[in-house]
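The next block holds one structure in the form of structure tokens; read it before the comments.
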Amino acid sequence: MEEDQYVERGPAGRPQPSGDLFRVLEDRYGIRSSGETPDLGGSSSLNLLVWDNERRYVMRVYRPWMTVDRLAAMQAARRLLADAGIPCALPISTGDGASWTTAGDHLVEVEPHVEADGKMDTWARLEAGLPLLGRIHSELRSYGTTAAGRRAPAANSIAPANLVPGVLRGTQR
């Protein structure tokens with residue numbers, strides 16, 4: 001993907017639940033979703049809570065601009081973190097052993113659903129969570145990812161070279 005290429009964000013163009021998605025879930029993962037499938041939110045991907053009997057999963061459906069190379073880099077980073085003992089949900093394999101599949105022009109991955117008892121919305125929770133964030137950064141520091149892994153098409157972060165100018169622009173607003 002070109003560095004300056006525009007990618008669609010926000011609610012418009014976000015994938016939507018469909019019968020085709022649930023057929024992919026059943027055909028590729030052997031998961032027959034039972035009951036409602038709440039949308040867990042997300043600005044760039046559709047994240048559905050699905051369950052098959054007693055097991056709960058997150059089915060993540062990416063926008064068309066997500067590339068196989070980027071998804072592979074993200075999954076490799078999650079595996080690295082899990083191998084380091086950092087709690088991290090890993091993708092569930094399809095019936096033929098792949099860590100992702102497609103539905104139309106969307107990449108799809110499924111992972112176990114992890115219950116959470118709250119958000120990082122208090123000082124106490126931030127204080128408890130920041131050491132884990134530090135461990136994540138320490139582990140990823142040595143991760144030699146690909147160009148696709150380093151540069152997100154629609155990032156919610158800023159390149160180090162743009163940090164100071166970006167902060168200055170933000171504080172001036």
Between [X] and [Y], which heavy-atom pair has the shortest distance, and what is it?
X	Y	answer
R28	A98	NH2-CB, 4.3 Å
Y29	W100	OH-CA, 3.7 Å
E111	R78	OE1-NH1, 3.7 Å
G42	N47	CA-ND2, 3.9 Å
S33	L25	CB-CD2, 4.1 Å
A73	Y143	O-OH, 2.8 Å

Donor-acceptor pair, side chain of [X] and main chain of [Y], under 3.5 angstrom:
X	Y	answer
R70	A148	yes
E54	D52	no
R125	K119	yes
H113	V58	no

Kindly compute the distance separating [atom1] ([X]) from [atom2] ([Y]), expressed to the nearest 0.5 Å.
X	Y	atom1	atom2	result
D105	M66	CG	CE	13.5 Å
C88	Q75	SG	CD	10.5 Å
W51	M59	CH2	CE	14.5 Å
H137	L132	NE2	CG	10.0 Å
M120	T122	CE	OG1	8.0 Å

Please examine the side chains of [Y] and [X], heavy atoms only from C-beta on, and report whether any two atoms are closer than 4.5 Å.
X	Y	result
L21	L46	yes
V61	S45	no
L90	R79	yes
V167	L163	yes
F22	T37	yes
P64	H106	yes
R63	P15	yes
I31	E26	no

(message) Hydrophobic clustering (ILVMFWY, side-chain heavy atoms < 4.5 Å, transitive) - are V68 and M74 grouped together?
(response)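 Yes: a chain of side-chain contacts under 4.5 Å links M74 to V68.
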
(request) Using the side-chain contact (heavy atoms from CB on, under 4.5 Å) rule, pick out the option among V108, V110, L107 that qualifies with T101. (result)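 Option passing the side-chain contact (heavy atoms from CB on, under 4.5 Å) with T101: V108.
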
(request) Check L80, I86, T145 against L140 for a side-chain contact (heavy atoms from CB on, under 4.5 Å) and give me the one that passes. (result)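 Among L80, I86, T145, the one meeting side-chain contact (heavy atoms from CB on, under 4.5 Å) with L140 is L80.
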
(message) Between R32 and D27, is the salt bridge (Lys or Arg N to Asp or Glu O under 4.0 Å) condition met? List the steps.
(response) CA-CA 9 Å; R32 185 179 183 119; D27 293 347; over 6 Å; no

(request) Answer with yes or no whether the side chains of T67 and D69 bring together a donor and an acceptor at under 3.5 Å. (result)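 There is no such pair (donor and acceptor under 3.5 Å, judged by atom type) between the side chains of D69 and T67.
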
(message) For the residue pair D96 / T94, report whether a side-chain donor-acceptor contact shorter than 3.5 Å exists.
(response)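 Distance-only check passes for T94 and D96.
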
(request) Evaluate side chain to side chain contact (heavy atoms under 4.5 Å, CB included) for V114 paired with R56, printing each intermediate quantity in order. (result) CA-CA 8 Å; V114 177; R56 297 167 59 145; over 6 Å; no

